[in-house]
Asker: 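I have a structure here, written as structure tokens, and I will follow up with some questions on it.
Residue numbers count from 1 along this sequence.
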Amino acid sequence: MKIGMLGAGAIAQAIARHAVAHGHEVVLSNSRGPASLAPLVNDLGALAAAATPAEAATADLVVLAVPWPQIPDAVAGLPRLDNTVVIDATNQFASLSPTPEIADLGDLTGSEYVSSLLPGARVVKAFNSLYVRFIAPDPRHEAGRQVLFLAGDDADAKNTVRDLTREFGFAPVDLGTLREGGRLIQLGGPLSALHVLEQD
């Protein structure tokens, strides 16, 4: 599978490392241009490349992992992502300084908002509820596998993300729709930042 990364921060890098370790191609992108990603691509190896966000978005699966305020700009120039599975790994931090502030989306969940910006895409919320220190290492531990919560409105898209993350070593748990399941794992939700292991 070719996986396009919109964003190249800590979360995106952690997911990219799992992907290349399991034989998937990764196309990284950020707001500063492909040249800025040369050291990271070199570190990730032959299965990694850098491109523009529009080029990364043509991959088989796309991961959105940019800071919340940057989402509109990050997706503005993308081609239509009809039927593309998009993993939304974002959290709705309107700002982090001087204190964290959660964006007010009214009745929408964070991923419903993201989905509204990506018409045609099949959005699956995942990876946002874990700190990067639980995503980056091998998710298989002596005590069990790292649980990864996910939510989405498209069953086939969720199956794709479930199978991919299970291949990485996670224990994916489907929480339902972007509205119901997304509310559980977004900022302020009861499962946000919850570190859980599933015994094998």
Asker: Taking 4.0 angstrom as the limit, do D88 and K125 come out as a salt bridge?
Answerer: yes
Asker: Nearest heavy-atom pair of P100 and F93: which atoms, and what distance?
Answerer: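 Between these two residues, the closest heavy atoms are CB-CE2, 3.8 Å.
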Asker: Run S31 and D73 through side chain to side chain donor-acceptor pair (under 3.5 Å) and show every step you take.
Answerer: CA-CA 9 Å; S31 61; D73 287 341; over 6 Å; no
Asker: Quick check for you: to the nearest 0.5 Å, what is the distance between F127 atom CZ and I15 atom CD1?
Answerer: 4.5 Å
Asker: Between atom CG of D163 and atom NZ of K158, what is the distance when rounded to the nearest 0.5 Å?
Answerer: 13.0 Å
Asker: To the nearest 0.5 Å, tell me how far L78 CG sits from R80 CZ.
Answerer: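 It is 12.0 Å, given to the nearest 0.5 Å.
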Asker: Please list every donor-acceptor pair under 3.5 Å in which a side-chain atom of residues 187-197 meets a protein atom from a residue at least two apart or in another chain.
Answerer:
unit_1 : atom_1 : unit_2 : atom_2 : d
H195   : ND1    : Q146   : OE1    : 2.9
H195   : ND1    : Q146   : NE2    : 3.3

Asker: Hey, could you give me the CD1/CD1 distance between I11 and I135, rounded to the nearest 0.5 Å?
Answerer: 3.5 Å
Asker: With rounding to the nearest 0.5 angstrom, report the CG to CD distance, D104 to Q92.
Answerer: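 D104 atom CG to Q92 atom CD measures 10.0 Å (nearest 0.5 Å).
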Asker: Would you list the pairs meeting side-chain hydrogen bond (donor to acceptor under 3.5 Å, both in side chains) in which at least one residue belongs to residues 18-27, sequence neighbours left out?
Answerer: H24-E167
Asker: Working note: L118 + V62, criterion side-chain contact (heavy atoms from CB on, under 4.5 Å); need CA distance, chi angles, decisive distance, verdict.
Answerer: CA-CA 11 Å; L118 297 171; V62 174; over 6 Å; no
Asker: Side chain to side chain donor-acceptor pair (under 3.5 Å) for T177 and E180? Distances and angles first, verdict last.
Answerer: CA-CA 5 Å; T177 65; E180 302 303 328; 5.2 Å; no
Asker: What distance do R162 atom CZ and D156 atom CG have between them, rounded to the nearest 0.5 Å?
Answerer: 10.0 Å
